[in-house]
Trainee: 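Take this structure, written in structure tokens, and hold onto it; I'll ask about it next.
None of the values given here were measured: they were computed from a predicted structure. So that the names make sense, note that chain A is the first sequence line, chain B the second, and so on, each numbered from 1. In what follows, every heavy atom counts, from backbone to side chain, and hydrogens, waters and symmetry copies are set aside.
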Amino acid sequence: MATKPSIPKGTRDFAPVEMARRNYIFDTIKSVFRLYGFQQIETPAMENLSTLMGKYGDEGDKLLFKILNSGDYLLHANPSALENRDSVKLMHDISEKGLRYDLTVPFARFVVMNKENLVLPFKRFQIQPVWRADRPQKGRYREFYQCDVDVVGSESLLNEVELIQIVDEVYRRLKINVVIKLNNRKILSGIAEVIGAADKIVDITVAIDKLDKIGLDNVNAELAEKGVSAAAIEKLQPIISLKGTNKEKLATIKEVLATSETGVKGVEECSTILNLAEQLGVATEIELDLTLARGLNYYTGAIFEVKAKDVEIGSITGGGRYDNLTGVFGVSGLSGVGISFGADRIYDVLNQLNLYPEELLQSTQLVFTTFGENEFAYALQCLKQVRAAGIPAEIYPECVKIKKQMAYANGKGTPYVAIVGETEVAEKKVMLKDMVSGEQTLVSIDELIAKIKK
RNA sequence: GUGGGUUUAGCUCAGUUGGUUAGAGCGUCGGAUUGUGGUCCCGAAGGUCGUGGGUUCGAUCCCCAUACCCCACCCCA
């Protein structure tokens, strides 16, 4: 035997059971997106590296999968880079394309390229795989699907609220208990400003983000290590350990941030979003969480994250507002807000909680089993009628022992089997067997169709 | 990029303080039952014990190297 085949690290095959489950997730998400007026687009798996590089920070550049140029790529490579084994320099010469790292940047590129044809505000959704070259671990893959939904070209906070409604509706349909965490970049900026460490905003928020994981003392230690002054850390304490309802929190923050114009704006945005969500009857719990600090590189307003309540898995949906989405591609003045559903993690959550509808894998409703050539020919005609009636059905394609044909139907989880022998053909009927109860009845094709359809 | 763990049948895993033919459950195939699946009963097939070296009379087991997968950190969905 040749060496066993395998697939690249961090990638997966999806067998029929898994596809049935994944499609259930995708279909649920898609139908909610459409309900809110979003339209689907797709972009290529590969983008020019010039589109991708520099958009995700240094860390992100390292995690990009690069595609080797076709042909004799070393012919045009910089000789000194080659000589000195300078991978970074050499890379520019031998690779000009890469696999997409997320769906937001390709979307921004798409908007810029199609600006003239788009009706603004443009509401798009996109469900495609993305690739990251980091080391796989639990709930983390090198190829995974994102389900992005974004509005570009509108600064209205209603967009934020509609995204919250979408989250609410998707998880209600999937029957997953979640909590939506809400924060605002402007509040974080205000905090940094007020404690006199405006330049340290990223360090501060990254440290605060770990509060749940490493505890207050360690957070403070990390802050000190990053060069935040003791006085600033002291000022930060009431904000880090903020408690109470969202309204109480906002009231407290508003006072603390009174001197920061940006901070106050952030507080107002949060209030507006929370109030509107309440008026519109969003059932999912929304928690104002100042320690939420994802995607700070580009978010400028609201920041969202959704966590499953009953499973320890990290965030299953995330997103936020990014002003100037298309600025890096030369078109300024377009604000966007969007979220991304992590399909692979939702899949893991549904698996752990076993929340799939029962009938997901029943592709075939009926299998015809036959005893010989004559019966087979007769069954083919019956099969045609059954399919015409819209019932997914099949026939065992070979004349083998009936036992084997039954085992096939059973193995596929088929609910009904039609047994066709000499007597059935003679009477123009079939023996319909209910595979769950084991009950058998002699019926005509019309009766069979009526029985399975109901 | 840093650190840890694993690797024995198709799958999930036992096991030998280094000693003849390496086991179980599940799955697969066959039979019981020549018009009936699943359940029950009987039987069978299937492993160079991840790979390459070393120690030893002898290695699946001990040592070294390597690969792969997994887990944690960083970061992120």
Side-chain angles (χ1 to χ4, degrees), chain A residues 1 3-12 15 25 29 56-64 87 100-104 127-148 202 205-207 209-210 213-214 218 222 292-298 304-308 313-320 338-349 367-372 375 396 399-425 430-440 442:
Chain A
M1 188 176 64
T3 51
K4 265 190 187 172
S6 62
I7 55 176
K9 189 188 295 216
T11 65
R12 296 152 298 165
I25 296 169
I29 290 173
Y56 310 104
D58 293 343
E59 195 73 25
D61 284 354
K62 273 189 233 159
L63 298 180
L64 281 172
S87 308
R100 78 167 93 77
Y101 180 89
D102 72 357
L103 300 179
T104 306
I127 298 178
Q128 289 188 275
V130 303
W131 294 269
R132 295 184 188 177
D134 69 353
R135 195 174 288 206
Q137 51 179 285
K138 196 175 185 66
R140 234 151 129 194
Y141 309 96
R142 295 179 118 181
E143 177 185 65
F144 61 97
Y145 276 72
Q146 289 191 330
C147 310
D148 270 32
V202 172
T205 48
V206 166
D209 185 40
K210 294 178 189 163
K213 240 180 193 172
I214 63 177
N218 289 321
E222 182 165 330
L292 176 59
R294 293 297 158 89
L296 277 180
N297 288 333
Y298 40 93
F304 307 104
E305 184 167 293
V306 178
K307 289 193 138 184
I313 196 163
S315 125
I316 52 177
T317 294
I339 52 173
S340 179
F341 287 80
D344 300 273
R345 286 193 175 172
I346 294 173
Y347 175 79
D348 289 343
V349 170
V367 171
F368 282 90
T369 60
T370 56
F371 282 101
E375 293 90 337
Y396 194 88
C399 290
V400 295
K401 277 197 287 190
I402 204 77
K403 180 173 174 171
K404 181 145 190 179
Q405 303 185 45
M406 295 289 291
Y408 170 78
N410 187 61
K412 281 189 86 163
T414 313
Y416 294 100
V417 167
I419 302 164
V420 183
E422 238 177 288
T423 47
E424 283 83 6
V425 175
V430 300
M431 185 62 80
L432 180 64
K433 174 159 185 164
D434 181 322
M435 292 296 275
V436 178
S437 67
E439 211 172 280
Q440 295 188 180
L442 193 62

Trainee: Contact class for A:Y141 (heavy atom, under 4.0 Å): base, sugar-phosphate, or nothing?
Mentor: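 Base contact.
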Trainee: Just to verify, what does A:T423 make a side chain to side chain contact (heavy atoms under 4.5 Å, CB included) with, not counting sequence neighbours?
Mentor: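 Partners of A:T423 by the side chain to side chain contact (heavy atoms under 4.5 Å, CB included) criterion come out as none, since no residue qualifies.
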Trainee: Would you measure the distance from the C1' atom in B:U56 across to the matching atom in B:G18 and give it in whole Å?
Mentor: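 B:U56 and B:G18 have their C1' atoms separated by 9 Å.
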Trainee: Check nucleotides 66-72 of chain B against the protein and report each pair of N or O atoms closer than 3.5 Å, with its distance, or say if there are none.
Mentor:
unit_1	atom_1	unit_2	atom_2	d
B:C69	OP2	A:K9	NZ	3.4
B:C71	OP2	A:K138	N	3.0
B:A72	OP2	A:Q137	OE1	3.2

Trainee: With sequence neighbours excluded, tell me which residues meet side chain to side chain contact (heavy atoms under 4.5 Å, CB included) with A:A418.
Mentor: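 Only A:L366, A:F368, A:V430, A:L448 meet the side chain to side chain contact (heavy atoms under 4.5 Å, CB included) criterion with A:A418.
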Trainee: Contact class for A:G438 vs. all strands (heavy atom < 4.0 Å): base, sugar-phosphate, or nothing?
Mentor: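 Base contact.
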Trainee: With sequence neighbours excluded, what pairs up with A:D434 under the salt bridge (charged side-chain N to carboxylate O under 4.0 Å, His left out) test?
Mentor: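 Salt bridge (charged side-chain N to carboxylate O under 4.0 Å, His left out) check on A:D434 returns nothing, list empty.
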Trainee: What residues form a salt bridge (charged side-chain N to carboxylate O under 4.0 Å, His left out) with A:D61, not counting sequence neighbours?
Mentor: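 Not a single residue meets the salt bridge (charged side-chain N to carboxylate O under 4.0 Å, His left out) criterion with A:D61.
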Trainee: Contact class for A:A409 vs. all strands (heavy atom < 4.0 Å): base, sugar-phosphate, or nothing?
Mentor: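 If one applies the 4.0 Å heavy-atom cut-off, A:A409 turns out to touch nothing in the nucleic acid.
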Trainee: How many whole angstroms separate atom CG of A:D102 from atom P of B:C75?
Mentor: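 After rounding, the gap between these two atoms is 18 Å.
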Trainee: Between A:Y408 and A:Y396, what is the ring plane arrangement, given parallel below 30°, perpendicular above 60°, and tilted in between?
Mentor: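 Rings of A:Y408 and A:Y396: perpendicular, over 60°.
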Trainee: Any salt bridge between A:D102 and A:R132, counting N to O under 4.0 Å?
Mentor: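 Answer for the salt bridge query: no.
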Trainee: Mind checking what makes side chain to side chain contact (heavy atoms under 4.5 Å, CB included) contact with A:V425, not counting sequence neighbours?
Mentor: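 Result, side chain to side chain contact (heavy atoms under 4.5 Å, CB included) vs A:V425: A:E375, A:Y378, A:V420.
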Trainee: Say we look at B:G43 and B:U33: how far apart would their C1' atoms be, to the nearest angstrom?
Mentor: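 Straight-line distance between the two C1' atoms is 16 Å.
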Trainee: Applying side chain to side chain contact (heavy atoms under 4.5 Å, CB included), name anything that partners A:K9, two or more places apart in sequence or on another chain.
Mentor: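 Scan of A:K9 (side chain to side chain contact (heavy atoms under 4.5 Å, CB included), adjacent residues dropped) gives A:P136, A:R142.
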Trainee: Please identify each residue that fulfils side chain to side chain donor-acceptor pair (under 3.5 Å) with A:Q146, with sequence neighbours left out.
Mentor: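 Side chain to side chain donor-acceptor pair (under 3.5 Å) list for A:Q146, sorted by chain: empty.
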Trainee: Hey, does the side-chain of A:N410 have a donor or acceptor N/O within less than 3.5 Å of a partner on the base of B:G38?
Mentor: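 Looking at the base of B:G38, it does not pair with any donor or acceptor on the side chain of A:N410 (distance under 3.5 Å).
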Trainee: Strictly under 4.0 angstrom, non-hydrogen atoms only: write out the protein contact profile of nucleotides 30-36 of chain B, one letter per nucleotide from the 5' end, B, S or -.
Mentor: -SB--BB
Trainee: Not counting sequence neighbours, which residues clear side chain to side chain donor-acceptor pair (under 3.5 Å) with A:T370? List them please.
Mentor: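 Side chain to side chain donor-acceptor pair (under 3.5 Å) list for A:T370, sorted by chain: empty.
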Trainee: Using salt bridge (charged side-chain N to carboxylate O under 4.0 Å, His left out) as the criterion, list what pairs up with A:R135, not counting sequence neighbours.
Mentor: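 Counting only residues at least two positions away or on another chain, A:R135 forms no salt bridge (charged side-chain N to carboxylate O under 4.0 Å, His left out).
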Trainee: Stem ranges for RNA chain B, with three or more consecutive Watson-Crick or G-U pairs under 3.5 Å?
Mentor: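 Stems (3+ consecutive pairs) listed as B:1-5 with B:69-73, B:10-13 with B:23-26, B:28-31 with B:41-44, B:50-54 with B:62-66.
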